[in-house]
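All chains are named by letter (A, B, ...) in the order of the sequence lines, taking the proteins before the strands, and each is independently numbered beginning at 1.
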Amino acid sequence: MTSDDDVVTLDDIQQARDVIMTSPLNVRKTPMLKDMTSYFPELDQSMGLCMKLEGMQTTGSFKIRGVANQMANLPPEVKNGTRKLITMSAGNYGKAFAYTLNKLNLPGLCLMPLTAPSNRITLIKSFGCEVAVLPSSELQSTFSQYAAQNFSVFHPFDDHSFIAGCGSIALEILEDDVKPDVVVVCCGGGGLVSGIAAGIKQSGLTDCRIYAVEPEGSRTMYESFRKGEPVTMAVSSVAAGLSPPYAGKLTYQCCRKYVEDVILVSDEEILNCMSRLFHVGLVAEPSGCAAMAAILNNKIPNVAGKKVVAVITGSNVTLSEMTSYQ
Amino acid sequence: MNMNNCIKIALSDIRKAHEKITPHIHFTPYFRSSTLDLRVGRNVFFKAENLQKTGSFKARGALNAVLSLKASNPDVHGVVTHSSGNHGQALAWAAKTAGVKCSVVVPNNSPKIKSDAILGYGAELVFCEPTPADRQATCDRVSKERNFTIVPPYDHYDVIAGQGTIAVEFLKQVPDLDAILVPVSGGGMTSGIAIAAKAIKPDIKGERLWPNPPRFLNTIADGIRLQQLGDLTWPIILELVEKDVFSVKDDDIVKAMRFVFERMKLVIEPASGAGVAAVMSERLASMDPGLRNIGVILCGGNVDIDHLPWC
């Protein structure tokens, strides 16, 4: 089932789940809503829609699962505070990272782009994490320099431990007695969809189709699939969390093996979906809505009569942000 | 269990109602918040009727009433009611589901989003003054003019039985509930839940709560502005519901709504915020520590995103 080219194994994922669930970070098993098709009358009602609500996770997105596993094997100089942990993120990863440092009482530095909203910068600082704000073009090179100089850097998605931590969601889906035919996951750097896909497929559901969904304006994995290798490109979308400027090496490798295809949705489709979910009674941020947007706009092939799981990946959106998108 | 002779609904009626309406409504989930549990020192379970068809629990009572009406009178001309929003929407949807005409009398200060939704289900809107007297008078007039049957928002056995199905589900989901907090306006949900819950688990405590002492309130909780228990609901509540009453202020309601939006990631309307505010209140903190598992009904989620009371 697994082979040498597997980025993460089922064992890695199971171990990761044990680590993160017993960590002091309060990572939770999130709600899985079943029989949701009738909430969306526009869907083919023969589909059995389930929604995994990762926006209800601690820190408001799934990222804490990955971070918690990355924290499992810290080198001694980080544990005793002599070296600070470094990452780069404008959003949910940064929040989970800062929250974790705060809980574990460790120093850290988050590199953030100039384009990051000021409330995100303030939020991350409020956890006691240092912040360095840089032009987006310098973010990756600065991060790489720190890595080269032997600092302890956490990549926000292209990381074995992160991917394995995210894969814990696959275990919960299966343990919730959902034998999915299709799983649809939002895709930014590809860390989440990699972990979930590896977990589902290596658990024996070889016929289950996993789809990654990206914004049209930030289609790095989509282009990587077409080119046959991870690409870097200009990106732009209202779904800022799904817009890193490249697909990861590990995430591309994992997705190539286990993901059926990459589906694209427009910003408008994403925002309409967010609005639909609000009217249903659920709060989700634009980046968290991509998978559901693909389903609502009939972009996932062959779902009639199938069991479909949509992962809502994050709900970190303020009321004023939501209304500003209207 | 001894029931007052005035209480003409039994658990069996509520179970029958559940069978009738189940194919059309959602068996809603419940949610928890570990942050809140820590804060209040109890296990709190939120029944998410904000996710119900039409965005509130009222779909249950309305549908049970319409289906029962149609069963006993297949030639029914149509149905009519008066409502500040959610019951009107629920009746409009129930009538459409059952293939029956519908008119809804709505106070002229009702949120536009609620009256728009009623129109969306194909029902007719009739506006009235925001007083209990004019609501009733207009409703009576429309009923006579069109030969429509009145389906009141709460003072009707089929409506009460429909609302009671909430408790049937909730106690199936969380059999160990020690108490249920229910926001009250006309008392339909409170009485329905009280009958079902007490029959299923006799030692359970039903606590009712409302924004301030009864009347027609100036509160942001528009779903419970009308504070007037009905002739049918009052004896049930008197008999079965705890004498403790929670009163919460608009301020607390807003804080609670914001907590639920920002931390629980759910959209609820102010009337539901009253329930959450009650669970966060000092009043609850001072109650019997033996009440470990508290159920709260999130009764609805019909809000206008542009008019939420914080930003």
Side-chain angles (χ1 to χ4, degrees), chain A residues 21 25-41 45 49-62 64 95 99 119 123 176 271-272 274-285 288-289 312-326, chain B residues 22-35 37-38 45-57 59 89 93 96-97 113-114 116-117 120-121 173 254 257-269 272 298-311:
Chain A
M21 289 304 173
L25 300 172
N26 201 19
V27 181
R28 310 159 188 184
K29 180 176 171 183
T30 48
M32 170 73 94
L33 300 184
K34 300 183 185 178
D35 302 318
M36 293 302 289
T37 323
S38 60
Y39 282 81
F40 305 97
Q45 295 298 305
L49 178 66
C50 298
M51 294 168 66
K52 182 70 170 161
L53 303 180
E54 269 305 292
M56 295 187 177
Q57 182 57 265
T58 304
T59 71
S61 85
F62 70 92
I64 191 70
K95 181 178 177 185
Y99 162 86
N119 63 11
L123 177 65
D176 249 334
L271 293 179
N272 283 341
M274 180 175 73
S275 183
R276 285 293 270 114
L277 292 177
F278 181 92
H279 285 294
V280 165
L282 300 169
V283 177
E285 60 183 282
C289 290
I312 310 293
T313 52
S315 300
N316 283 331
V317 58
T318 63
L319 181 59
S320 55
E321 282 165 350
M322 229 188 219
T323 47
S324 74
Y325 291 129
Q326 301 270 85
Chain B
T22 283
H24 307 283
I25 57 152
H26 296 303
F27 190 119
T28 49
Y30 69 87
F31 292 101
R32 303 194 54 187
S33 162
S34 56
T35 313
D37 283 358
L38 227 76
F45 302 81
F46 295 93
K47 181 74 167 150
E49 287 296 299
N50 61 321
L51 302 184
Q52 186 53 264
K53 286 271 169 78
T54 72
S56 87
F57 72 94
Q89 210 183 132
W93 165 80
K96 185 173 185 192
T97 303
I113 200 170
K114 288 192 176 178
D116 279 351
Y121 289 116
Q173 293 166 307
V254 175
M257 284 176 75
R258 188 171 190 169
F259 174 85
V260 173
F261 182 99
E262 290 180 351
R263 305 304 293 271
M264 294 183 67
K265 314 298 185 184
L266 294 170
V267 180
I268 60 170
E269 56 185 273
S272 307
L298 297 179
C299 46
N302 286 329
V303 286
D304 186 343
I305 193 175
D306 294 315
H307 289 106
L308 282 173
W310 81 91
C311 56

Could you tell me which of B/S34, B/S33, B/G55 has the largest number of non-hydrogen atom pairs under 4.5 Å with chain A?
B/S34
Please look at A/T318 and chain B and tell me whether the side chain, the backbone, both or neither of the residue comes under 4.5 angstrom of a heavy atom of that chain.
backbone
Is there side-chain contact between A/Q45 and A/S38, with at least one heavy-atom pair below 4.5 Å?
yes
Do B/T54 and B/Y121 have side chains that approach each other closer than 4.5 Å (heavy atoms only, starting at C-beta)?
yes
Between B/E49 and B/T28: side-chain donor-acceptor atoms closer than 3.5 Å
yes
Contact summary for B/Q173 and B/K47, nearest pair of heavy atoms:
OE1-NZ, 3.0 Å
Among residues 275-283 of chain A, which residues come closer than 4.5 Å to chain B, judged by heavy atom distances?
A/F278, A/H279, A/V280, A/G281, A/L282, A/V283
Listed partners of A/N272 passing side chain to side chain donor-acceptor pair (under 3.5 Å), at least two apart:
none
Could you look at A/N316 and say if it's the side chain, the backbone, both or neither that has a heavy atom under 4.5 Å from chain B?
both
So do A/L319 and B/I305 actually touch side chain to side chain, heavy atoms under 4.5 Å?
yes
Can you give me the closest heavy-atom contact between A/K52 and A/K29, atom names plus distance?
NZ-CG, 4.5 Å
Let me know if B/F31 has heavy atoms under 4.5 Å from chain A in its side chain, its backbone, both or neither.
side chain
Validation row: A/Q57, A/T59 side chains within 4.5 angstrom (heavy atoms)
no
